[in-house]
Colleague: 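Quick one: this structure, given as structure tokens, is what I'll be asking you about.
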Amino acid sequence: MHDIFLTPYDPQATEGAIYKKWEESGYFNPDNLPPVNGSPRTEPFSIVLPPPNVTGVLHIGHAYEDSLQDVVIRYQRMRGKKVLWVPGTDSAAIATQARVEKNIQKEEGKNRHDLGREELVRRVSEFAKNSENTILNQIRKMGASLDWSRYAYTMDEKRYRAVMEAFIRMFNTGLIYRGHRIINWDSKGQTTISDDEVVYKEEKSKFYYFQYGPFVIGTARPETKFGDKYVVIHPDDKRYKEYEHGQKIELEWINGPITATVIKDEASDPEIGSGVMTITPWHSQVDFELAEKHNLEKEQIIDQYGKLLPIAQEFAGMKITEAREKIVEKLHKKGLLVKIDENYVHNISTSERTGVTIEPQIMEQWFVGVDKPFIIPHSEIPGIESGSETTLKKVMRMAVESGAIQIPQERFKKIYFHWINNLNDWNISRQIWFGHRIPIWYKSGEIKAQVDSPGAGWEQDPDVLDTWFSSALWTFSTLGWPEKTTDIETYHPTSFMSPAYEILPLWVSRMILMSGFHLGQIPFRTVMIHGLVRDKQGRKFSKSLGNGIDPLDLIEKYGADAVRMGLLVGTAIGNDISFDEQKVKGYKNFANKLWNITRFTLEATEKLDISSFSVGKVSEQDKKILEKLNDTVKDVTKDLEGSKYHLAAEKIYHYIWHELADKIIEESKPILNGDNTQEKLSRQHTLYILLTVSLKMLHPFMPFVTEEIWQHLPEKETELLMVAGWPTH
RNA sequence: GCGCGGUUAGCUCAGUUGGUAGAGCAACUCAUUUACACUGAGAAGGUCGGGGGUUCAAGUCCCUCACCGCGCACCA
């Protein structure tokens, strides 16, 4: 027995070296995996890592997600599959650019226009490149068995090609179009954001009632009312039946007399306020749709910096927040203020990234049309025939409805369908500089879609693509698309994806959209949606709350194996996880327990020729012990096949500690010290089997300590435990 | 307003098709140099949120109410 077992297990001294050993073996790359029982691995199994932000650091949510995937990956590898787990990072365009801009502002007092587009992009790219290694090394620390030779970055050359190709194909099919539509404007980030990046916050504010000709109208936003010249009334509202649709009414308004037009539409709810509303099509989604329907004029009131335009006359140039009270005051003086409700509670939309209030604006932007019919040339998705007419929405729906994509948790399927039913066209253009620039060129009214400039005089569209556009291609762009690679053939659709539920609309559904359109395939077969890691009070971990737990500190203190177990045991997938450091500590002790089980076993079998033992010599009680082991293996395997990782982990833990250590080893002491040589021999061999099988079962969950022990075993089937065969039963 | 989850031991959570309630941590009693003190043995602790129903049998299925959390919509 090696002396190493005489002192307690030390994760710090072990984990780095073990990871290096794994990496050097080349087995993270499926092309190098050894055959199983003489025959090459044929059945592929693949996952692409949800790419973390390139400038980010590992947080407890990643730690959980990475552990979960690594368990699946290691299990499948031991089952003899051709296993690929592709690593990568995301440029997270808006977030990254915002961060660099802030730094530059702080250190050099310059803004992005001072630097110019080219220089800013260079600086942001440099920043991203420099911080890339941080997150990658942190992922290594978790023990994640990723094939680093296939590392991808959403902004690298290959992914750039994929993004360009995807855009141009969709443009040529007519699914990507440019149009004046109402969008969500982030005045701080100076860019649009998609509907899914809008966060609603409840706010109490004042609600004003104004006299508007013969009507009383209510609003929380008086500053948008300059251009309101339509009054909308429900057609069945008896109070206003003398007014005709289209009727003109002269009335006194903020800056003097105006002519208002009566519009009759069901959109006006007679129950709310006075039952009459005016509309501001330029700055409200609902009003915009109403204006489109009745073909009404639209006027911009607020500019892109959140200031009032000349239409506001004396208020022009003012910030909307300061203009509000002044406008109310003016209306009050004119005797048009009816009353103010101080306790109006409503939801305001804010930007997920910058936190500022979103101002709806009409702008010319690029969109992906989700309801637009197109002919799909090739489709493997059940219910959608190759060459048939379909829509992206239908592709997204059928991929899940048909069962081609499995979402084991029913409730998330419901959320998915609900989201699809409410889906509008996807705004994909962003007014920032860092990202994939839209491959569209203009020259005096002409427009061309191609990567390189068509020649002199052509101007490229200044916008870049939504970062989720490139993320949506992730399952196949990482495998080499648009080239026809063997990786795509072998590993796509991927086998498994385990995202957090909050990312279902943002990412999961869009991968289904893109994979469906470009490949006619689903992007993955199983989506196991997981919950969020929360602290003991049920709060999300965040910097601002100061409750953040750095997984690296935990690894330092307890070892990566313990962190993995602490996150996985007792946490049903899909529910939020309440994280408890005590738990992690318990699994550190467990690693040491296993360490000492090994010590005991190796001491007891030191002079034994393990390979020479035959099955016939096993004692009756040892047969029972082995039977129980087999039952456990069977049970654990069933749980793993059924994605019940938390149950599998707990059962292995329980077996090793409370069966193997507490019962079997205790009972073995008199046998090993006794003089029945046959019984002793049988027990020695049994103990060795129990140890090796336990190591195998535990390996996907606690890869480091199990591999380290494996390295010191005198007799083993493979050099590395990570490629040993999963125990049979 | 529509919808989704949760409510099980002091705490954090499991509980796969209905079949005598489980784990970890904490607390309690005992053991004390043992493969391991990063330890062992033992005991204690729950009318499974309330109420109703189906069933021989319900934590589990159905209805209903309450509280907590979340999503979507509305937001004049």
Side-chain angles (χ1 to χ4, degrees), chain A residues 1 5-10 195 200 202-203 205 207-210 212 215-221 224-225 228 231-232 267-269 271-280 284-287 290 344-349 409-415 417-419 421-422 501-502 504-505 531-532 534-536 538-539 558-559 562 565-566 569-572 574-604 635 638-639 641-644 646-647 649-651 653-654 657-658 661-662 665-666 668-669 672 687:
Chain A
M1 187 194 70
F5 292 110
L6 297 178
T7 52
Y9 173 61
D10 179 3
D195 294 346
Y200 293 95
E202 200 170 86
E203 199 185 73
S205 59
F207 192 80
Y208 308 91
Y209 290 89
F210 299 120
Y212 187 80
F215 311 107
V216 173
I217 56 156
T219 183
R221 303 200 55 193
T224 65
K225 294 288 151 194
D228 287 19
V231 270
V232 186
S268 183
D269 186 345
E271 300 294 315
I272 298 174
S274 56
V276 177
M277 65 174 180
T278 61
I279 56 168
T280 316
S284 156
Q285 175 83 39
V286 181
D287 295 359
L290 215 51
Y344 178 68
V345 178
H346 64 154
N347 289 323
I348 55 162
S349 43
Q409 305 113 311
E410 272 306 310
R411 60 182 157 123
F412 291 119
K413 243 192 247 181
K414 285 184 192 166
I415 292 172
F417 290 126
H418 189 238
W419 178 81
N421 292 338
N422 286 309
Y501 56 72
E502 58 180 359
L504 191 77
L532 306 175
R534 294 176 185 277
D535 71 1
K536 277 185 151 181
R539 299 175 305 178
Y558 307 108
M565 282 294 270
V569 178
T571 54
N575 291 348
D576 286 349
I577 296 150
S578 171
F579 184 77
D580 182 4
E581 190 170 331
Q582 277 305 314
K583 230 165 121 186
V584 178
K585 194 178 169 193
Y587 292 109
K588 183 189 176 177
N589 296 353
F590 178 54
N592 193 52
K593 191 74 184 177
L594 186 67
W595 194 249
N596 281 290
I597 289 169
T598 307
R599 175 176 167 185
F600 180 88
T601 305
L602 293 185
E603 275 174 353
D635 228 12
K638 197 180 142 207
D639 284 339
E641 290 295 328
S643 309
K644 312 263 181 198
H646 62 295
L647 292 183
E650 195 173 337
K651 279 174 189 163
Y653 169 85
H654 202 260
W657 199 316
H658 300 299
D662 290 348
I665 286 187
E666 288 309 317
S668 298
K669 286 174 185 173
L672 296 167
L687 283 173

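Here is the naming used below: chain letters follow the sequence lines, and residue numbers restart at 1 for every chain.
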Colleague: Identify the heavy atoms of A:F412 and A:L504 that sit nearest to each other, and give their distance.
Modeller: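 Looking at all heavy atoms of both residues, the closest pair is O-CD2, 3.9 Å.
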
Colleague: Expressed as a whole number of Å, how far does the C1' atom of B:C63 sit from that of B:G22?
Modeller: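 These two C1' atoms come out 29 Å apart once rounded.
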
Colleague: Identify the heavy atoms of A:A661 and A:K593 that sit nearest to each other, and give their distance.
Modeller: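 In this case the closest contact between A:A661 and A:K593 is CB-CE, 3.7 Å.
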
Colleague: Calculate the interatomic distance between A:Q409 atom CD and B:G5 atom P; express it in whole Å.
Modeller: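 Value for this atom pair: 12 Å.
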
Colleague: B:C4 P sits how many Å from A:N421 CG, rounded?
Modeller: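 My rounded result for the distance is 14 Å.
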
Colleague: Paired with B:A41 by Watson-Crick or G-U wobble geometry, both distances under 3.5 Å: which nucleotide is it?
Modeller: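 Partner of B:A41: B:U29.
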
Colleague: Provide, to the nearest angstrom, the distance between the OH atom belonging to A:Y200 and the C1' atom belonging to B:C72.
Modeller: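 Computing the A:Y200:OH to B:C72:C1' distance gives 9 Å.
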
Colleague: When the C1' atoms of B:A37 and B:U20 are considered, how many whole Å apart are they?
Modeller: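 My reading of the C1' atoms in B:A37 and B:U20 gives 37 Å.
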
Colleague: Atom pairs, N/O to N/O, protein against nucleotides 34-37 of chain B, distance under 3.5 Å?
Modeller:
| unit_1 | atom_1 | unit_2 | atom_2 | d |
| --- | --- | --- | --- | --- |
| B:A35 | OP1 | A:K669 | NZ | 3.1 |
| B:A35 | O2' | A:N596 | OD1 | 3.2 |
| B:A35 | O2' | A:R599 | NE | 3.4 |
| B:A35 | N7 | A:K669 | NZ | 3.4 |
| B:A35 | N6 | A:A661 | O | 3.3 |
| B:A35 | N6 | A:E666 | OE2 | 3.3 |
| B:A35 | N3 | A:N596 | O | 3.0 |
| B:C36 | O4' | A:N596 | OD1 | 2.9 |
| B:C36 | O4' | A:N596 | ND2 | 3.3 |
| B:C36 | O2' | A:N592 | ND2 | 3.2 |
| B:C36 | O2' | A:N596 | ND2 | 3.2 |
| B:C36 | O2 | A:K593 | NZ | 2.7 |
| B:C36 | N3 | A:K593 | NZ | 2.8 |

Colleague: Under the criterion side-chain contact (heavy atoms from CB on, under 4.5 Å), which of A:T7, A:L6, A:L594 is the partner of A:R599?
Modeller: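 Between A:R599 and the candidates, side-chain contact (heavy atoms from CB on, under 4.5 Å) is satisfied uniquely by A:L6.
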
Colleague: Measuring to OP1 and OP2 of B:U39, would you say a side-chain N or O of A:W657 lies under 4.0 angstrom away?
Modeller: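 Answer no for this pair, as no side-chain N or O of A:W657 is under 4.0 Å from OP1 or OP2.
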
Colleague: What integer number of Å spans the C1' atoms of B:A41 and B:U34?
Modeller: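 Result for the C1' pair: 14 Å, nearest Å.
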
Colleague: B:C13 and B:G19: how far apart are their C1' atoms, nearest whole angstrom?
Modeller: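 Result for the C1' pair: 24 Å, nearest Å.
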
Colleague: What is the distance from CE of A:M565 to P of B:U12, rounded to the nearest Å?
Modeller: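 So the two atoms are 22 Å apart, to the nearest Å.
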
Colleague: For A:I217 versus A:V276, what's the shortest heavy-atom pair and its separation?
Modeller: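 Looking at all heavy atoms of both residues, the shortest contact is CG2-O, 3.9 Å.
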
Colleague: Closest approach of A:Y501 and A:G531, non-hydrogen atoms and distance?
Modeller: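 Looking at all heavy atoms of both residues, the closest pair is CE2-CA, 3.6 Å.
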
Colleague: What integer number of Å spans the P atoms of B:U7 and B:A14?
Modeller: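 My reading of the P atoms in B:U7 and B:A14 gives 7 Å.
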
Colleague: Just call it for A:N575: base, sugar-phosphate, or nothing, with non-hydrogen atoms closer than 4.0 Å on any strand.
Modeller: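 Here A:N575 touches the backbone only, sparing every base.
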
Colleague: Could you give the CZ-to-P distance, from A:R411 to B:G6, as a whole number of Å?
Modeller: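 Those two atoms, CZ and P, are 6 Å apart.
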
Colleague: Provide the closest heavy-atom pair for A:D228 versus A:T280 in the form atom of the first, atom of the second, distance.
Modeller: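 For A:D228 versus A:T280, the nearest heavy atoms are OD1-OG1, 2.9 Å.
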
Colleague: What nucleic acid atoms does A:S268 come within less than 4.0 Å of, heavy atoms only: base, sugar-phosphate, or nothing?
Modeller: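 Counting heavy atoms under 4.0 Å across all strands, the contact made by A:S268 includes a base.
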
Colleague: Which value, in whole Å, describes the distance between the C1' atoms of nucleotides B:C11 and B:A26?
Modeller: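 My reading of the C1' atoms in B:C11 and B:A26 gives 7 Å.
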
Colleague: When both hydrogen-bonding distances must be under 3.5 Å and the geometry is Watson-Crick or G-U wobble, what is B:U12 paired with, if anything?
Modeller: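 Here B:U12 is engaged in a pair, and the nucleotide opposite it is B:A23.
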
Colleague: Quick check on side chain to side chain donor-acceptor pair (under 3.5 Å): which of A:E581, A:K583, A:K585, A:K588 does A:Y558 satisfy it with?
Modeller: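 Going through A:E581, A:K583, A:K585, A:K588 one by one, the side chain to side chain donor-acceptor pair (under 3.5 Å) with A:Y558 is satisfied by A:E581 alone.
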
Colleague: Any idea which heavy atoms bring A:G566 and A:V584 closest together, and the distance?
Modeller: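 Residues A:G566 and A:V584, closest heavy atoms: CA-CG2, 4.2 Å.
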
Colleague: Between B:A21 and B:C30, how many Å separate the two C1' atoms, rounded to a whole number?
Modeller: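 So the two C1' atoms sit 27 Å from each other.
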
Colleague: Specify whether A:Y653 and A:Y587 have parallel, tilted or perpendicular ring planes, treating 30° as the upper limit for parallel and 60° as the lower limit for perpendicular.
Modeller: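 Judged by the thresholds at 30° and 60°, the geometry between A:Y653 and A:Y587 is perpendicular.
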
Colleague: Tell me the interatomic distance from A:H418, atom NE2, to B:G5, atom P, rounded to whole angstroms.
Modeller: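 Checked: the NE2 to P distance equals 13 Å.
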
Colleague: Could you tell me how far apart A:L504 (CG) and B:G3 (P) are, to the nearest whole angstrom?
Modeller: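 So the CG-P distance, A:L504 to B:G3, works out to 20 Å.
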
Colleague: Heavy atoms only, 4.0 Å cut-off, all strands: where does A:A267 land among base, sugar-phosphate and nothing?
Modeller: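 Base, at least one base heavy atom under 4.0 Å.
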
Colleague: B:C2 pairs with which nucleotide, Watson-Crick or G-U wobble, both distances below 3.5 Å?
Modeller: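 Base partner found: B:G71.
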
Colleague: Rounded to whole angstrom, note down the P distance from B:G49 over to B:A44.
Modeller: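 Result for the P pair: 24 Å, nearest Å.
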
Colleague: Mind checking if A:V232 touches a base, just sugar-phosphate, or nothing, with heavy atoms under 4.0 Å?
Modeller: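 Touches nothing.
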
Colleague: Under the side chain to side chain contact (heavy atoms under 4.5 Å, CB included) rule, what do A:Y9 and A:T598 come out as? Steps first, then yes or no, please.
Modeller: CA-CA 11 Å; A:Y9 173 61; A:T598 307; over 6 Å; no

Colleague: Checking A:T601 side chain against A:L687 main chain: does a donor-acceptor pair fall under 3.5 Å?
Modeller: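 No; zero donor-acceptor contacts below 3.5 Å.
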
Colleague: Write out a two-atom table: protein N or O, nucleotide N or O from nucleotides 23-32 of chain B, distance below 3.5 Å.
Modeller:
| unit_1 | atom_1 | unit_2 | atom_2 | d |
| --- | --- | --- | --- | --- |
| B:G24 | OP1 | A:H658 | NE2 | 3.3 |

Colleague: Starting at CZ of A:F417 and ending at C1' of B:C72, how long is that distance when rounded to a whole Å?
Modeller: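 Rounded to whole Å, this separation is 16 Å.
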
